[in-house]
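Down below is the structure, laid out as structure tokens.
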Amino acid sequence: MARRPQTPADPRHVRLMETLREQGVSDPAVLSAIATTPRDLFTPELFQERAFEDQALPIACGQTISQPYIVGLMTQALKIERRSRVLEIGTGSGYQTTILSKLARLVYSVERYRTLLSAAEARFRELGLTNVVTRFGDGGQGWPEQAPFDRIMVTAAAPDDPRTLLAQLKPKGIMVAPVGRGPVQNLNRYVGDGEGGFTMETLTEVRFVPLLEGVAKES
């Protein structure tokens with residue numbers, strides 16, 4: 001399959017990038033990764049006209065493609081380095097995964113819906129991504145066989161601090177995760193202190209789908 005161009009000229013995308021800068025997404029590498037990722041590729045046909053709006057949009061299996069501002073904020077908060085190994089919990093459409101892949105050495109992404117995972121993998125192939133490894137499984141359990149990770153991003157809301165995932169982080173690693181039991185959660189950043197402990201700060205309030213146990217029964 002031919003590789004899709006990754007330099008969108010759509011003026012709506014240009015306006016979106018301006019909006020992200022105005023809201024505080026300032027890391028040049030993160031902005032470049034978002035600017036060269038065609039969000040319309042990850043957006044269902046029904047919502048193509050809204051692909052470059054700064055809004056979360058529905059995708060299959062009752063999930064969403066995250067608001068670009070939140071994607072930028074979470075990615076920036078991870079402080080990814082070029083040689084980082086990143087664990088992503090919740091592949092979803094693959095939009096966030098693609099952005100991570102442009103910043104990290106390797107991205108390991110876990111998805112509980114096989115339908116979503118298959119579609120995302122097809123997009124990765126279309127974009128020519130070679131540093132993304134995927135897994136169909138329970139995101140709450142992480143990927144212990146590949147741990148520890150330099151960075152972890154969780155794209156579904158855990159009810160409490162996700163300690164199973166924190167245990168898979170390197171001593172000075174960083175994890176960003178929405179945490180909370182209600183419709184509005186706290187977006188938390190956990191930073192390892194190098195001695196087995198973590199400091200935690202809340203970045204903002206967010207709305208994410210819940211982090212569910214197990215894998216989905218759909219095929």
Side-chain angles (χ1 to χ4, degrees), residues 1-8 10 12-13 16 30 33-72 74-75 78 85-104 106-143 146 152-158 165 176-178 206-219:
M1 182 180 293
R3 181 167 178 165
R4 180 187 173 105
Q6 295 192 24
T7 54
D10 194 312
R12 298 173 300 167
H13 203 164
L16 174 61
V30 173
I34 296 174
T36 57
T37 300
R39 192 171 187 246
D40 54 328
L41 176 63
F42 304 87
T43 304
E45 188 66 32
L46 182 62
F47 298 102
Q48 279 294 300
E49 291 187 359
R50 301 181 60 191
F52 297 110
E53 294 180 6
D54 188 29
Q55 299 289 335
L57 296 172
I59 58 174
C61 304
Q63 305 300 295
T64 60
I65 176 173
S66 293
Q67 177 187 0
Y69 165 64
I70 296 299
V71 169
M74 293 178 70
T75 306
L78 273 185
R85 296 171 70 252
V86 179
L87 173 64
E88 178 193 38
I89 303 303
T91 314
S93 68
Y95 177 64
Q96 175 72 83
T97 320
T98 300
I99 291 168
L100 294 173
S101 77
K102 297 182 178 185
L103 301 167
L106 284 170
V107 179
Y108 296 83
S109 189
V110 184
E111 175 55 56
R112 72 185 301 269
Y113 292 97
R114 194 180 294 278
T115 297
L116 289 180
L117 186 60
S118 296
E121 289 171 338
R123 295 181 184 109
F124 301 154
R125 289 192 294 271
E126 182 174 352
L127 291 171
L129 303 184
T130 59
N131 64 335
V132 175
V133 184
T134 58
R135 181 178 197 173
F136 173 59
D138 182 347
Q141 299 304 309
W143 201 325
Q146 295 294 342
I152 298 177
M153 177 180 285
V154 186
T155 64
L165 298 176
V176 175
V206 289
R207 293 176 179 268
F208 274 85
V209 297
L211 180 64
L212 303 175
E213 295 183 358
V215 296
K217 294 181 179 179
E218 56 84 45
S219 59

Item to check | Any donor-acceptor pair under 3.5 Å from E111 side chain to G92 backbone | outcome: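 Pair found, side chain donor or acceptor close to backbone of G92.
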Checklist entry - Can any side-chain N or O of D54 pair as donor or acceptor with the backbone N or O of Y69 at less than 3.5 Å? => result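 Yes, because the side chain of D54 sits within donor-acceptor range (under 3.5 Å) of the backbone of Y69.
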Next on the checklist: What I want to check is whether the side chains of E88 and T97 have a donor and an acceptor closer together than 3.5 Å.
Outcome noted: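 T97 and E88 do have a side-chain donor-acceptor pair below 3.5 Å.
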Checklist entry - Between S93 and Q63, does any side-chain donor sit less than 3.5 Å from a side-chain acceptor? => result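 Absent: no donor and acceptor within the cut-off.
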Exercise: identify the closest heavy-atom pair between [X] and [Y]:
{"X": "L116", "Y": "A60", "value": "CD2-O, 3.7 Å"}
{"X": "T36", "Y": "K102", "value": "O-NZ, 2.5 Å"}
{"X": "G139", "Y": "L165", "value": "O-CD2, 3.7 Å"}
{"X": "A156", "Y": "P178", "value": "O-CG, 3.5 Å"}
{"X": "G214", "Y": "D138", "value": "N-OD2, 2.9 Å"}
{"X": "Q48", "Y": "T43", "value": "NE2-O, 2.7 Å"}

Do the non-hydrogen side-chain atoms of [X] and [Y] ever get within less than 4.5 Å of each other?
{"X": "V71", "Y": "R39", "result": "no"}
{"X": "I70", "Y": "F208", "result": "yes"}
{"X": "L78", "Y": "L100", "result": "yes"}
{"X": "Q146", "Y": "R85", "result": "yes"}
{"X": "L87", "Y": "M153", "result": "no"}
{"X": "Q67", "Y": "V206", "result": "no"}
{"X": "T91", "Y": "V110", "result": "no"}

In Å, rounded to the nearest 0.5 Å, how long is the span from [atom1] of [X] to [atom2] of [Y]?
{"X": "I89", "Y": "S109", "atom1": "CD1", "atom2": "OG", "answer": "7.5 Å"}
{"X": "F136", "Y": "R114", "atom1": "CZ", "atom2": "CZ", "answer": "4.0 Å"}
{"X": "I34", "Y": "T98", "atom1": "CD1", "atom2": "OG1", "answer": "12.0 Å"}
{"X": "F47", "Y": "I59", "atom1": "CZ", "atom2": "CD1", "answer": "11.0 Å"}
{"X": "C61", "Y": "R112", "atom1": "SG", "atom2": "CZ", "answer": "9.5 Å"}
{"X": "I99", "Y": "T75", "atom1": "CD1", "atom2": "OG1", "answer": "6.0 Å"}

Checklist entry - Which residues pass the ring-ring contact (aromatic ring centres under 6.0 Å, His included) test with Y95, sequence neighbours left out? => result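 Y95 satisfies ring-ring contact (aromatic ring centres under 6.0 Å, His included) with F42 only.
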Would you give me the side-chain donor-acceptor pairs under 3.5 Å for residues 128-135, sequence neighbours excluded?
residue : atom : partner : partner atom : Å
N131    : ND2  : S101    : O            : 2.9
N131    : ND2  : A104    : O            : 3.1
N131    : ND2  : R105    : O            : 3.4
T134    : OG1  : E121    : OE2          : 2.5
R135    : NH1  : E145    : OE1          : 2.9
R135    : NH2  : E145    : OE2          : 3.3

Next on the checklist: Any salt bridge linking E53 with R50? Criterion: basic side-chain nitrogen under 4.0 Å from a carboxylate oxygen.
Outcome noted: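 Yes.
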Item to check | side chain to side chain contact (heavy atoms under 4.5 Å, CB included) assessment of L57 paired with T64 | outcome: CA-CA 5 Å; L57 296 172; T64 60; over 6 Å; no
